[in-house]
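These notes concern the structure reproduced below.
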Amino acid sequence: MTVGRFYAQKRLKVNDIFCISPRSINVAGSINCCCFDKTGTLTEDGLDMWGVVPKSSTNQFQIPLKNVNRLPYDHFLFGMATCHSITVLNGTMMGDPLDLKMFQSTGWILEDSKDIPDNEKYGLIYPTILRQPKDFSSDTSSHIKTGLQRQSSVDDLLANVGLSQTQKSFDHGIVREFPFTSSLQRMSVITRCLSAQGFNVYCKGSPEMLQQLCRPQSLPDNYSQQLSTFAKKGYRIIALAFKALAPKINYTKVQRISREEVELNLEFLGFVILENRLKPDTTTVIHALNAAKIRTIMVTGDNILTATSVARDCGIVSPAQAVITVHADPVDLAAITNTHAHSSHTSPGDTKSTSEHYRHRQYKLQYTLDLGSKNCAPSQWKSNCNGNTVKQESNLSGNCPPSLYRLMSTNSLANGSNTSYAESIFPNSDSLASVKTVDTWTHNEAIEVDVELGTEFAQDDNWRRHYIFAMDGKTWQIVKEQFPEELGILLTRGAIYARMSPEQKQALVMELQKLDYCVAMCGDGANDCGALKVAHAGISLSETESSIASPFTSRNPTIAAVPNVIKEGRAALVTSFGIFKYMAAYSLVQFISVMILYSIDSNLTDKQYLYVDLGLISIFAFFFGKTEAFDGHLVKQVPLSSLISPTPLASLLLHLVVVTVFQVAGWFQLQQQPWFQPFQSSDEDHLGCYENYTMFAISSFQYIILAFVFSKGAPYRKPLWSNWPLCLTFILNCCIIVYLVVYPSEWVANFFQLIVPPVMSFRYVMLIYGAAAFVVHLFVESFLVEYLVFKKYQVRRDQSWTTSKQQHMRLEYNITANENWPPITEVYEPHESTDWEGGQPTYVSLGAEQSLDTQHNTFLGFFDSSDNNAHNIKQPPSTPSVEQ
C-alpha cells in the first residue's frame with residue numbers, strides 16, 4: 001500500500017521537492033482548495049525600489065521622486081536609513097529583503113562593530129552606526145560631476161539666508177530597536193544624530209496602522225486617495241513617521257521607555273513605494289488550478305487594495321469578476337434598533353426581540369463592490385435610491401464613474417432567518433475619502449436597469465451570480481467571533497484575505513477545513529508556519545523556518561511546486577487504490593479457486609502457490625507504482641479518497657462475480673469431457689489432477705488480467721506502456737502461463753504437479769477462457785464501474801449542491817438560490833471612527849540598566865543628552881524592570 005507514495009516521493013525529489021511526511025502525498029491528491037501567501041510566493045521575493053512620496057512642509061504630498069539619492073538630508077531620508085533591523089554578519093549585511101532594499105537605495109553605510117566578535121556584540125548595549133555617503137559635499141562641482149543634485153531641506157534653506165548653521169555631518173546611531181511583528185504591522189527605532197542633541201523616533205509600517213499612530217494634523221488631506229492610487233497598481237507601500245523625544249530624556253531613560261509611549265503622536269513623513277512583480281510562472285499555475293476547479297485563495301499581510309490588484313493580475317480573480325470587500329463597522333445599537341423596529345415586521349412567534357438580538361452585536365458588516373475591469377460604453381445611468389433620482393454621464397474615455405453603494409442585508413443566508421445584520425457597499429460616489437471603500441471602480445460595462453434596485457447597470461446583474469469576497473484581518477476576526485452565521489458564507493466565496501496575522505492565517509485554514517475543503521497552503525515565511533502546519537498539504541518555498549513546519553519543501557521558489565505535488569498526490573492515491581483493489585481481488589480469486597478444490601479434497605500445490613505469490617503478485621505490486629504522474633493538465637475531477645464508497649466496492653463485487661462465473665464454468669466444462677477422471681485423494685503430497693490444472697490455469701490468467709485492469713493511466717497517471725518494467729512483467733508472465741497451460745515440458749509439469757489434459761483442444765479452451773475473461777473484466781471496469789457507477793452516479797451525487805455531503809457545496813447552493821441578496825438601499829458613507837480598529841496594543845517592555853563606561857570610550861559624547869553628561873549619570877542596581 002505504501003509503494004505508490006514511495007515512488008511519488010522519489011519523483012518529487014527529482015523535481016527538487018522534498019517531503020518529510022510521506023503520508024501527506026496521498027492527502028495531496030484530494031486537494032480542492034489552495035491558499036497562497038503573496039510576497040515571495042506569488043510575487044518575487046526581492047523588491048524593487050519604485051520611488052518615494054515625501055510630505056512637504058505645507059502638509060501636502062510632493063511629486064513622487066524615483067531617485068532616492070535626490071532626497072534632502074531631513075527626517076524622511078534619516079528614517080529610511082535608520083529604521084531597519086539589518087545586521088552585519090561576516091562582513092555581509094543580513095536582514096529582511098525590504099529593509100535591505102530601502103537601506104541600499106539611500107547609499108548610506110552601515111558601520112560594523114570593530115574588534116568585537118559576532119557572538120558577543122549582541123549582548124552589549126552597543127549602538128549601530130549609520131554613516132552618510134562618503135562623497136557627500138556641499139560643493140556644487142561634485143553635483144555636476146555625478147549628474148546628481150540633492151534637493152534642499154528646510155534647514156538648508158534657513159542656513160542659506162543665515163538663520164541657522166549648516167550641518168555637515170548627519171551620521172546616526174541606533175540606540176534602541178523595537179522589532180517588526182506581524183500583529184503590530186510596524187517597527188520603530190530610537191536614534192541620535194552624532195552631531196546633534198536629543199533622541200528621535202523613526203517608525204515604519206503599514207499605512208493603515210501608521211494612520212492611527214500619527215497625529216491627525218500631520219496627515220495630508222488626500223492621504224487615503226494617494227494610498228489607494230498606488231495600492232490599486234499593486235505596489236508595496238510603506239509609511240514613515242517621526243517623533244522627537246523630550247530633551248530631558250537621557251540614554252538610561254531611552255532604554256526603559258515603553259514601546260507604547262514611543263509609538264504615539266507621530267509625525268507623518270511620507271510613503272516609500274516598492275515594486276513587487278509577479279513570478280514568471282505564477283499566472284500560468286493559477287490558471288491551471290482554476291481550470292481544474294481547484295479554488296485559489298490569497299492570504300497576505302499586505303494592503304487589501306494591493307492584494308486585490310495582484311489577485312486580478314495573477315488570475316485568482318478574473319478580470320470581469322466582481323469583488324465585494326467586507327468591512328466591519330461599529331453599530332449604533334439604539335439607532336439600529338429603532339430603525340429596524342420601524343422598517344421590519346416581527347413574527348409573533350419570535351422568542352428573541354430585535355433589541356436583544358443587536359445588544360450582543362457591536363459591529364455591522366458592510367461591503368464594497370468592484371465590478372471588474374471591463375470597459376463600459378458611453379451611456380447614461382441613474383439611481384433611485386431613497387426616492388432620489390441621480391443622473392450621471394459616463395465620459396467618452398471608456399471609464400465609468402467610480403461610485404459606491406451600500407448593500408444592506410437583514411437576513412442570514414445560513415438559515416434564512418433574521419439572525420444577522422449586514423450592510424454592503426456598491427459603487428456610487430466619486431469620493432475617495434476612505435481607504436476601505438476605494439478600489440478599481442473605473443471599468444464597468446454597458447448599463448441596464450435593475451428593477452429591484454432602481455439602478456441602471458451594465459447589461460445585467462451577472463455579478464450576483466459569480467462574485468467573491470475580500471476582507472482584512474480585523475474584519476475576519478470580528479466575523480469569526482461575532483457573525484458565525486455569515487462566516488461560512490464568506491468563507492465559501494472568500495478569495496482575498498489581507499492584513500492577516502500568522503494566527504489568523506492558521507485559523508482561516510482550519511475554518512476552511514471545517515467546510516470540508518481539502519486545503520493546501522503555500523508560503524515562504526515564518527509567518528506562514530502555523531497555516532503550513534495545520535493544512536492538509538503545506539508547501540514551503542523556503543528552506544528556513546517554514547520548511548520545518550511544512551510536509552513539502554520546494555528548492556525552486558515558485559508555486560509550480562503546487563501542481564507538481566497535486567499531480568504526484570493524485571498518482572499516488574490512484575496507485576494506492578489500485579494496489580488495494582488488486583490485493584483484495586487476488587485474495588478473492590484464490591479463495592474461489594481453493595474453495596472449489598476443497599470440495600474434492602484437493603488444493604493448489606506448494607509450487608503453484610509459490611509461483612503465484614512471488615512470480616505474479618509480488619512483482620506486479622512492486623512495479624505497479626512505477627507509473628509516473630500524468631504530465632498533462634490537471635483535470636477537474638478529484639480521484640476517489642475513500643475505500644468505503646460505491647465505486648471501489650462495486651468494482652470488487654462485480655469482478656468477484658466474473659471470477660466466480662469463469663471458474664465455475666471451467667469446472668463444469670471439465671466434468672463434461674469424455675476423458676475426465678474424478679480426483680481420488682490418496683496422499684497430501686500429491687494434489688495434481690485435472691481439476692487442479694483447470695483452476696490453476698483460469699486463476700493465473702485472472703491474476704494477470706486484474707493487474708492490467710487496475711493499472712489505470714490518464715488522467716491521473718501516464719499510460720501503462722510508459723511503465724516498461726510492468727509491461728515487461730505482463731508479457732513475461734503471459735508467456736509463462738501459456739507455456740504451462742498448452743505444452744509444458746515433463747520436468748516443469750512434474751515440478752508444478754500439473755496433470756495436463758490428454759487432448760490439445762481443452763488446452764486451447766483454457767486460452768479462450770483467458771481471452772474472454774480479459775474482455776469481460778475490461779468491460780466491467782471501464783464501462784460499468786468507471787462510467788456508470790463513478791461518473792454517472794457518484795460524481796454527480798458528490799457535485800450536486802443538494803445531495804453533496806460537503807458543507808461548502810450546500811452553502812454555495814444557498815448563496816446561488818438567494819438571487820436578491822444583497823439589495824442596494826442607500827449611498828455609502830464610510831464610518832470615520834477608528835475605535836473599532838482596536839485600541840493601542842498592550843506592551844510588556846523588559847529593560848535593564850547597565851554600566852555604560854565601556855561604550856563611552858568608543859563613542860565619546862554619543863550618549864550625552866542636552867541636559868545630562870554621560871559621566872555624571874548615576875547607575876542604579878542592575879535589576880530588570882517590567883513596564884506595561
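Throughout, residue positions are numbered sequentially from 1 according to the sequence presented.
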Stepwise side chain to side chain contact (heavy atoms under 4.5 Å, CB included) check, Asn303 with Ile237
CA-CA 8 Å; Asn303 180 279; Ile237 306 168; 5.9 Å; no

Side chain to side chain contact (heavy atoms under 4.5 Å, CB included) between Leu508 and Val299: does it pass, once the steps are laid out?
CA-CA 9 Å; Leu508 173 64; Val299 188; 3.5 Å; yes

Verdict with supporting geometry, Asp74 and Leu269, side chain to side chain contact (heavy atoms under 4.5 Å, CB included):
CA-CA 10 Å; Asp74 59 6; Leu269 295 176; over 6 Å; no

Could you give me the CA-CA distance, side-chain angles and deciding distance for Leu219 and Gln211, then say whether side chain to side chain contact (heavy atoms under 4.5 Å, CB included) is met?
CA-CA 8 Å; Leu219 297 173; Gln211 186 178 16; 3.8 Å; yes

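A side-chain donor-acceptor contact under 3.5 Å links Lys243 to the backbone of Val262. Under a 3.5 Å cut-off, the side chain of Asp472 and the backbone N or O of Met500 do not form any donor-acceptor pair. Looking at Asn222, its side chain never comes within 3.5 Å of a backbone N or O of Gln225 through a donor-acceptor pair. No donor-acceptor pair closer than 3.5 Å links the side chain of Lys204 to the backbone N or O of Gly79. Judged by distance alone, with hydrogens and angles left aside, the side-chain atoms of Tyr223 form a donor-acceptor pair with the main-chain N or O of Pro207 at under 3.5 Å. Thr475 places no side-chain N or O within donor-acceptor distance of the main-chain N or O of Met471, the cut-off being under 3.5 Å. One N or O on the side chain of Thr306 and one on the backbone of Tyr235 form a donor-acceptor pair closer than 3.5 Å. Within the 3.5 Å criterion, the main-chain N or O of Leu305 finds no donor-acceptor partner in the side chain of Ser309. Within the 3.5 Å criterion, the main-chain N or O of Gly205 finds no donor-acceptor partner in the side chain of Gln185.
By the side chain to side chain contact (heavy atoms under 4.5 Å, CB included) test, Glu177 pairs with Ser85, Pro179, Met187, Val189, sequence neighbours left out. The side chain to side chain contact (heavy atoms under 4.5 Å, CB included) search around Ser105 returns Met49, Val68, Met80, not counting sequence neighbours. Evaluation of the side chain to side chain contact (heavy atoms under 4.5 Å, CB included) rule for Ser218 yields Lys55, Cys214, Arg215, Glu267, Phe268 as partners, not counting sequence neighbours. Annotation: ring-ring contact (aromatic ring centres under 6.0 Å, His included) contacts of Phe230 (sequence neighbours excluded): Trp50. Residues that satisfy the side chain to side chain contact (heavy atoms under 4.5 Å, CB included) test with Pro502, not counting sequence neighbours, are Ser182, Asn527.
The distance from the NE2 atom of His172 to the CZ atom of Phe170 is 9.0 Å, given to the nearest 0.5 Å. To the nearest 0.5 Å, atom CG of residue Leu130 and atom CG of residue Asp171 are 8.5 Å apart. Taking OG1 of Thr106 as the reference point, atom CG of Leu71 lies at 9.5 Å (rounded to 0.5 Å). Asn200 CG to Thr82 OG1: the interatomic distance, rounded to the nearest 0.5 Å, is 8.5 Å. Ile238 contributes atom CD1, which lies 5.0 Å from atom CG of Leu98 (distance to the nearest 0.5 angstrom). Atom-to-atom distance recorded for Tyr363:OH and Asp329:CG is 10.0 Å, nearest 0.5 angstrom.
Classification of Arg277 and Glu275 as a salt-bridged pair holds, one side-chain N sitting under 4.0 Å from a carboxylate O.
Two residues are said to be in side-chain contact when any heavy atoms from C-beta on lie closer than 4.5 Å; Arg186 and Leu210 meet this criterion. The shortest distance between side-chain heavy atoms of Leu365 and Phe483 falls below 4.5 Å. With contacts defined as side-chain heavy-atom distances shorter than 4.5 Å, the pair Asp48/Leu274 does not qualify. Between Ile174 and Arg176 there is no side-chain heavy-atom pair separated by less than 4.5 Å. The closest side-chain heavy-atom distance from Glu208 to Arg499 is below 4.5 Å. Within the 4.5 Å cutoff, side-chain heavy atoms of Lys505 are placed close to those of Asp528. Contact of the Leu240 side chain with the Val272 side chain is registered, since non-hydrogen atoms from C-beta on lie closer than 4.5 Å. Taking the side chain as every heavy atom from C-beta outward, Phe271 and Phe61 approach each other to under 4.5 Å.
Side-chain contact check for Ser56 and Gln62: no donor-acceptor pair (N or O, by modelled atom type) lies under 3.5 Å.
The nearest pair of heavy atoms linking Tyr202 to Cys83 is O-SG, 3.5 Å. In terms of heavy-atom proximity, His84 sits nearest to Ile86 at ND1-N, 3.2 Å. Of all heavy-atom pairs between Ala549 and Cys529, the closest is CB-O, 3.7 Å. Here the shortest heavy-atom pairing between Ile190 and Phe178 reads CD1-CE1, 4.0 Å. Closest heavy-atom contact between Leu264 and Glu260: CB-O, 3.6 Å. The two residues Phe103 and Leu110 come nearest to each other via the heavy atoms CZ-N, 3.6 Å.
Note: Trp108 and Phe78 have perpendicular aromatic rings, judged against thresholds of 30 and 60 degrees for the angle between ring planes. Between Trp476 and Tyr497, the ring-plane angle classifies as perpendicular under the 30° and 60° cut-offs.
Residues in residues 299-311 take part in these salt bridge (charged side-chain N to carboxylate O under 4.0 Å, His left out) pairs, two or more places apart or across chains: Lys38-Asp302, Arg236-Asp302.
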